[in-house]
Structures are given as structure tokens and as C-alpha cells.
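The next block holds one structure in the form of C-alpha cells; read it before the comments.
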Protein chains: 2
Amino acid sequence: MKPKITLKDIARELEVSISTVSKALKNSEEISRDTKEKVQAFAKLYNYKPNNIAISLKNKRTKNIGVVIPAIVHHFFTTVIRGIEKYANAKGYNVIVCLSEESFDREVINMEMLANGSIDGFIMSLSSETQLKGDYNHLKEVTEQGIPLVLVDRVTNEVECDKVIIDDELGAYVATKKLIEQGRKKIALITTDDYLSVSKARTEGYKKALLESKMDIDESRILKLSTMEMDEQGIQDFFKNNDVDAVLCVNEIFTVYSMRLVQNKGLNIPEDISFIGFTDGLLSQYANPSLTVIAQHGEKMGEISAQMLIDKVESEDEEETFQTKILEPTLVVRESTIN
Amino acid sequence: MKPKITLKDIARELEVSISTVSKALKNSEEISRDTKEKVQAFAKLYNYKPNNIAISLKNKRTKNIGVVIPAIVHHFFTTVIRGIEKYANAKGYNVIVCLSEESFDREVINMEMLANGSIDGFIMSLSSETQLKGDYNHLKEVTEQGIPLVLVDRVTNEVECDKVIIDDELGAYVATKKLIEQGRKKIALITTDDYLSVSKARTEGYKKALLESKMDIDESRILKLSTMEMDEQGIQDFFKNNDVDAVLCVNEIFTVYSMRLVQNKGLNIPEDISFIGFTDGLLSQYANPSLTVIAQHGEKMGEISAQMLIDKVESEDEEETFQTKILEPTLVVRESTIN
DNA sequence: TTGTAGGCGTTATCAT
DNA sequence: ATGATAACGCCTACAA
């Protein structure tokens with residue numbers, strides 16, 4: 001085993017001072033060619049690499065960014081992480097991922113762990129429990145300490161910081177419009193509780209489209225489910241009790257599960273009933289029929305978040321100016337709607 | 001803005017020495033009740049939290065573990081990460097996730113970044129490019145430096161370290177047996193190139209089952225595809241040129257895509273043709289028909305990896321004894337096979 | 001009971 | 001051209 005070598009080791013071996021070694025390795029003009037070559041050769045031979053931790057302590061910069069998200073077994077968040085990784089790695093940053101699993105407590109614990117020097121800034125998406133509680137003190141504390149924070153997708157107005165979201169209202173609006181244009185009259189919405197920022201916005205988009213087309217908003221056609229688990233029974237009951245000819249769902253799973261139910265009832269998609277979902281993931285692509293969806297561009301959101309965060313981390317000035325970047329969703333038409 | 005407070009700050013304010021503060025906060029017996037209370041109250045008031053970086057430097061322990069995996073937009077790896085997070089967080093460790101995106105170079109770069117003090121140990125799954133090249137020097141260097149390493153799922157014999165895998169051969173064997181028992185005579189295998197450790201093992205399990213049942217191995221019924229991208233054309237051609245009554249696929253996507261093709265040809269699943277896939281993910285659960293699969297227990301694998309790694313990190317003794325944990329896959333029967 | 005000093009590995013400033 | 005010193009924040013053996 002050959003343990004890591006330090007400046008001190010090199011200095012001792014070569015019988016020079018530590019600072020000479022440090023300078024030599026940085027190719028400083030102060031050091032003679034001779035010494036530099038000797039030091040550099042030795043360093044290469046023993047594969048010297050500076051210790052990140054020591055540098056972090058010195059610079060008060062870790063080159064780590066903390067990402068706290070509610071879940072990872074969801075295609076959307078997965079793409080966000082990928083986007084963050086892509087940009088961050090290119091800039092020489094590592095990404096520390098923590099999962100809140102939709103729990104307020106775990107969100108708080110994770111942030112506290114990371115906030116004590118482990119990271120230069122946070123990118124996060126709020127857990128549903130946090131949005132339900134409406135308690136954002138852990139976020140405020142972090143920003144008060146001067147740690148940059150970027151909220152992505154699931155955000156709140158209660159905290160002043162940079163934000164990256166897609167226009168969820170627009171997405172739902174466009175989707176609903178599409179269904180209306182195709183002559184659908186009884187359009188249902190399957191969503192999650194309103195305390196989730198995204199669900200609220202989507203419900204509004206849905207209603208806006210209906211109103212604009214002078215269609216009634218029938219609250220019984222709006223099904224609100226828990227974020228936490230997949231409530232299959234709830235969906236079954238809904239389709240048992242409602243007669244609809246189109247459905248907008250706020251995620252892939254609701255969509256695919258609903259499609260199976262109506263298919264088993266003998267209905268044809270999209271002839272008898274159309275479906276549009278949110279998130280352009282694997283399920284959407286490989287479902288049968290494949291799903292028409294509102295694509296959320298998670299990877300792009302991740303990249304932009306990372307960019308905003310790193311810009312702030314690396315900027316010298318202390319001016320507190322925050323921006324919210326709103327991306328446009330895209331309608332991807334596949335087989336679950338009439339083309 | 002209230003920046004982080006340090007021991008030094010507290011010492012200055014309270015006009016005591018830094019070490020007194022340090023001891024007081026640790027409730028040391030050496031310090032008088034009076035002083036302790038004063039210091040602790042002050043610390044709480046100003047929300048003092050020790051700086052992780054300084055502690056890491058001192059202890060030569062970061063409480064971070066590095067995870068390097070080929071991809072994240074795959075359900076299996078996602079569950080592995082979740083398992084790692086679960087165990088690691090419970091033990092007070094953070095998880096730094098790096099994606100190699102199946103690239104050898106990115107795998108090397110990421111490991112080097114992390115190996116310079118940022119982490120206490122690695123959990124990784126080899127990129128396909130690495131397995132193709134067969135170059136494992138970056139892993140060897142890490143282990144030679146005394147950094148614990150656990151390989152998970154995609155492993156190699158070339159490196160001596162702890163490993164966690166499932167018995168892929170057994171999985172494929174069990175699946176193939178199942179198909180044979182149901183009277184299938186023309187069983188195809190859709191897999192990826194043999195240089196991937198898991199694919200090789202699965203192919204062997206498939207062949208073993210056939211041989212055991214005295215069935216011929218028809219190489220033309222074995223389709224090998226690239227790991228990198230989804231070769232839809234390759235699958236289409238395969239089904240055009242081959243007449244099969246059952247298919248074993250090494251992942252969900254191959255399975256679901258294949259099912260669509262044969263469905264479009266007018267075949268019924270599972271009456272005319274059966275399918276079994278690997279990985280029990282969302283696609284399997286929500287495909288139509290839902291998939292019979294070999295579940296790989298990714299979350300369990302992640303937990304065990306984290307446990308093995310942290311045990312090693314925290315163990316005092318230097319003895320180099322490595323183990324390979326082999327989990328048993330599980331056959332989950334759903335609609336894509338006859339029950 | 002409290003304080004001093006040295007060290008973790010690095011860098012930067014200021015001598016020599 | 002080279003080296004000594006202090007500092008980042010914390011801990012701890014040893015003095016006082």
C-alpha cells in the first residue's frame with residue numbers, strides 16, 4: 001500500500017522547505033529551474049495530488065454542491081440530477097445528493113449536515129411535506145448564512161432566492177386546449193393535493209383552458225390524490241363513477257395506470273378517450289399506446305440551476321439580486337391522443 | 001446576514017480560550033459548570049455548528065462516500081442509490097454521486113476528483129466502456145492508496161475488493177426454466193455485448209437451462225445489442241427474421257419494446273409468445289401487459305454495499321480480507337407469461 | 001479549572 | 001532563490 005503523499009513528505013525527501021515545494025509545483029517564477037524540475041519529477045513519480053480538504057479549509061470553498069430532492073426513483077428528478085451533474089462536473093464541482101423522501105425532517109437534517117461547510121451552495125426541490133407544512137425556516141437560515149440556494153421545480157414564494165421552474169400552468173393549459181380542440185367535452189384532471197406548487201399551477205391551467213372555451217368546470221371531474229403513494233383504489237373509483245372522454249394527469253404513473261383501467265373496460269385509446277400526461281419519461285415512450293405528454297425538460301432545468309448556483313458561488317459581489325427562470329414546457333404528441 | 005460562527009468567535013466574545021470553548025461544548029468534566037453553561041448558551045444562541053471541513057482535516061475522515069455509476073436514468077441504478085443513501089444517511093454519511101455515463105474517461109476523472117481527500121470510500125458500478133477496455137488501473141490505484149472500494153452489480157475479477165452482485169446466471173436460468181416449463185420451444189435471448197459482466201452471466205444461465213432440458217442452443221436466437229443506445233432497428237430485424245415463442249430480455253426497455261413489436265404483428269401475449277425481463281421497475285409494473293421479471297433488488301444491493309463500505313471505513317484493523325456478496329434474484333410473475 | 005501549543009495540508013506574506 | 005511563519009477551524013496532550 002502506498003498512502004497519499006503530502007507536501008511535507010516531498011520537502012523532507014528533497015531536503016527543501018514546504019513552501020519551496022508548494023511554489024515549485026505551481027511553477028512559480030521565484031523558484032529555480034533546477035529545483036522546480038526536481039520537485040515536479042518527484043511529485044509525478046509519487047503521484048502527488050493536493051488534498052482537497054486542506055484546500056477547502058484554506059479557500060473556504062469546497063467545490064461541492066448540495067442537491068436535496070424528494071425522490072430519485074422518478075424520471076423527472078433523475079433528469080434534473082443529470083443536468084446538474086453535467087454542468088457542475090464541467091465546472092469542476094462535485095454533486096452531493098441527498099434524498100428527503102418527501103419528508104420534512106429528512107430535508108432539514110440533510111440540509112443541516114451539508115450546511116456546515118460541506119458545500120458551497122444548494123440546489124433543491126421541496127418535499128411535499130415541507131410544502132404542506134409551509135415551514136421554510138431551514139431554507140431561510142441557509143440563505144441568511146450567505147449560502148447560495150436555487151430552488152428547482154417545487155418552489156415557494158416564501159423564500160427569496162433563485163428559482164428555476166417550468167410554466168406548469170401553461171403546460172396544463174396547452175394540454176387541455178389540445179383536448180378541447182379534438183372535440184373532447186368531458187375532460188378530467190387527475191392531480192395531487194394543491195399544496196404542491198406544481199399541482200396548483202397545473203390545476204389553474206386546466207381550468208383556464210376550460211373557461212376560455214366556455215366549458216363548465218365540473219369539480220367532480222377533478223381527482224386529487226396523495227403524493228406519497230400510488231392510490232390505485234382512488235383512480236378505480238374515479239373511473240367507475242365518472243364518464244369522461246379525456247384525461248389530463250400530472251404524472252406518468254397516473255396516466256399509465258388510468259389507461260390500463262379504461263382499456264380493461266373495453267375502451268379504445270385514443271378513439272373513445274384521450275390521455276395526456278406530464279413528464280416525458282420512459283413510461284411515456286414505451287407505454288402502449290405511447291403517451292402524449294407535456295415534457296418538462298428536467299435536464300435543462302438541472303443545467304440552468306447549476307449554472308445559476310455556480311455563478312452566484314463564484315461571483316465576488318454581494319448584491320442580493322434573485323431571478324426566477326421560467327422554462328416553457330413542450331407538448332409531445334404520441335398515440336394517446338388523436339393526432 | 002449572519003455568517004457562520006467559529007470557536008474563535010465564541011472565545012473572543014466570552015473572553016476565554018478556544019480550547020475552553022471546545023471542551024465546554026463537549027461537556028468536558030474539566031470545565032466548570034459555570035463556564036460550560038455560559039459557553040453552551042452562547043453557542044446555542046448564535047447557532048454554532050462545528051465546521052465539517054476542519055473536522056475532516058483533523059480526523060482524516062470526511063463522512064462522505066463516493067458513488068460512481070454509469071447512469072442514473074435507469075431504474076435499477078436509481079434503486080441502488082436509494083439503498084446506499086438510506087444506510088449511509090442513517091450512519092451520518094453523505095453520498096457524493098458521480099455519473100460516468102458509460103464512459104471510461106469520465107469514470108477515471110470522477111474517481112480522481114474524489115480520491116484526493118473528498119471521500120472515505122467508493123461504491124461503484126463499472127461503465128460499459130471500462131469493461132470493454134478491461135482497464136482497471138484507476139481502481140487499483142485507489143485500493144493501493146488504502147481507500148476502501150465496493151463494486152456493485154457490474155464488477156470485475158481483476159480488482160481485489162468487496163463486491164455485491166446478484167446471481168445473474170441463476171436469474172436467467174430460472175427465467176428460462178420457467179419458459180421451458182410452460183412448453184416454450186423457441187426461446188430467444190435479447191442481451192448486450194458479453195464484455196458486460198452481467199450480460200455474460202445471464203447468457204450462461206440461459207444456455208444452461210436449455211442444455212439441461214436437452215434443447216438446442218440456436219445462436220441465431222441470441223441477439224446482442226449495444227449498451228449505449230437503444231437499437232430499435234436491431235430488434236425489429238430480429239423479430240422479422242426469427243420465429244420465436246418466448247423471449248428473455250436483459251432489461252425492461254428491450255422487453256417492452258419487443259412486446260410492442262409483436263403486438264403490432266397481431267400476436268397475443270402471453271398466449272402466442274411469452275416475455276420475461278430483468279429489473280422490476282416502473283415499466284414492468286405499468287406495461288400492458290405487465291411484465292414477468294427477474295427482480296434484482298437494487299435497493300438491497302445498495303444497502304449492503306454501503307454497509308460493507310462503512311464497516312471497512314470504520315474498522316481499525318488493516319487486514320485485507322474481501323468478500324463477495326451474492327444476492328438471489330427473484331422471479332416476479334405477472335401477465336407477460338402464462339401463470 | 002483554564003490555557004498554551006502543535007498539528008491536520010495547503011497557501012500566501014514576508015523575511016533572508 | 002529559498003525559507004520561516006501565520007492562517008483556515010478544530011482538537012488534544014500537556015502546562016500552568
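Bear in mind the structure is a predicted one, so any value in this text is a computation, not a measurement. FYI, side chains are in, hydrogens and waters are out, and symmetry mates aren't considered; it's all heavy atoms of this structure. Letters go in sequence order (proteins before strands), and every chain restarts at 1.
- Residues from residues 29-43 of chain A lying near DNA chain D, meaning a heavy-atom separation below 4.0 Å, are Glu29(A), Glu30(A), Ile31(A), Ser32(A), Thr35(A) in numerical order.
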Can you give each donor-acceptor pair under 3.5 Å made by side-chain atoms of residues 141-150 of chain A, sequence neighbours left out, with the distance rounded to 0.1 Å?
| residue | atom | partner | partner atom | Å |
| --- | --- | --- | --- | --- |
| Thr143(A) | OG1 | Leu139(A) | O | 3.4 |
| Thr143(A) | OG1 | Lys140(A) | O | 2.8 |

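- Nucleotide dA7(D) holds its P atom 14 Å from the CG atom of Leu57(A), rounded to whole Å.
- Here the P atom of nucleotide dG9(C) and the CZ atom of Arg61(B) are 15 Å apart, to the nearest Å.
- Side chains of Ser118(B) and Asn52(A): a donor on one and an acceptor on the other come within 3.5 Å.
- Distance, Ile10(B) CD1 to dC10(D) P: 8 Å, rounded to whole Å.
- Between the side chain of Thr20(B) and the base of dT1(C), no donor-acceptor pair of N or O atoms lies under 3.5 Å.
- For Ser17(A) against dA4(D), a side-chain-to-base donor-acceptor contact under 3.5 Å is absent.
- The residue Leu7(A) sits close to a base: some heavy atom pair falls under 4.0 Å.
- Checked by atom type and distance alone, the side chain of Asn59(B) never pairs as donor or acceptor with a backbone atom of Ser56(B) at under 3.5 Å.
- Residue pairs meeting the ring-ring contact (aromatic ring centres under 6.0 Å, His included) criterion with at least one member in residues 22-55 of chain B, sequence neighbours excluded, are Phe42(B)-Tyr46(B).
- By the side-chain contact (heavy atoms from CB on, under 4.5 Å) test, Asp120(B) is found to be paired with Arg61(B), Thr62(B), Tyr93(B), Val313(B), residues two or more places apart in sequence or in another chain being considered.
- Closest to the side chain of Lys60(B), out of dC8(C), dG3(C), dT10(C), is dC8(C).
- Checking the phosphate oxygens (OP1, OP2) of dC10(D), a side-chain nitrogen or oxygen of Tyr48(B) falls inside 4.0 Å.
- Of the two residues near DNA chain C, Lys23(A) and Ile5(A), the one whose nearest nucleotide lies more 5' is Ile5(A).
- In this entry the distance linking CG of Leu25(B) with C1' of dG9(D) reads 13 Å, nearest Å.
- Side-chain N or O atoms of Ser125(A) include one that pairs as donor or acceptor with a backbone N or O of Val152(A) at under 3.5 Å.
- At dG7(C), none of the side-chain N or O atoms of Lys8(A) fall inside 4.0 Å of OP1 or OP2 (strictly under the cut-off).
- The distance between atom CG of Leu14(B) and atom P of dT1(C), rounded to the nearest whole Å, is 18 Å.
- Lys26(B) comes within 4.0 angstrom of sugar-phosphate atoms only, judged by non-hydrogen atoms across all strands, and of no base.
- Look at CG on Asn52(B): it is 11 Å from C1' on dC10(D), rounded to the nearest Å.
- Nucleotide dG7(C) holds its P atom 23 Å from the CD1 atom of Ile53(B), rounded to whole Å.
- The base of dG9(D) does not come close enough to the side chain of Lys58(A) for any donor and acceptor atom to sit less than 3.5 Å apart.
- For DNA chain D, none of the residues of residues 111-122 of chain B falls under the heavy-atom distance limit of 4.0 Å.
- Mapped onto DNA chain C by nearest heavy atom, Ala54(A) and Glu15(B) fall at different nucleotides, with Glu15(B) at the one closer to the 5' end.
- Within a 6.0 Å radius of CD in Glu160(A), other residues, nucleotides and ligands contribute 12 heavy atoms or fewer.
- Nucleotide dG9(C) holds its P atom 11 Å from the CZ atom of Arg12(A), rounded to whole Å.
- Between the side chains of Ser100(A) and Ser103(A), no donor-acceptor pair of N or O atoms lies under 3.5 Å.
- Thr6(A) comes within 4.0 angstrom of sugar-phosphate atoms only, judged by non-hydrogen atoms across all strands, and of no base.
- Side-chain N/O atoms of Ser22(B) and Ser19(B) include no donor and acceptor closer than 3.5 Å.
- Relative to the side chain of Ile18(A), the nucleotides dG3(C), dT11(C), dC10(D) differ in distance, and dT11(C) lies closest.
- Residue pairs satisfying the salt bridge (Lys or Arg N to Asp or Glu O under 4.0 Å) criterion with at least one member in residues 91-112 of chain A, sequence neighbours excluded, are listed as follows: Glu101(A)-Arg82(B), Glu102(A)-Arg154(A).
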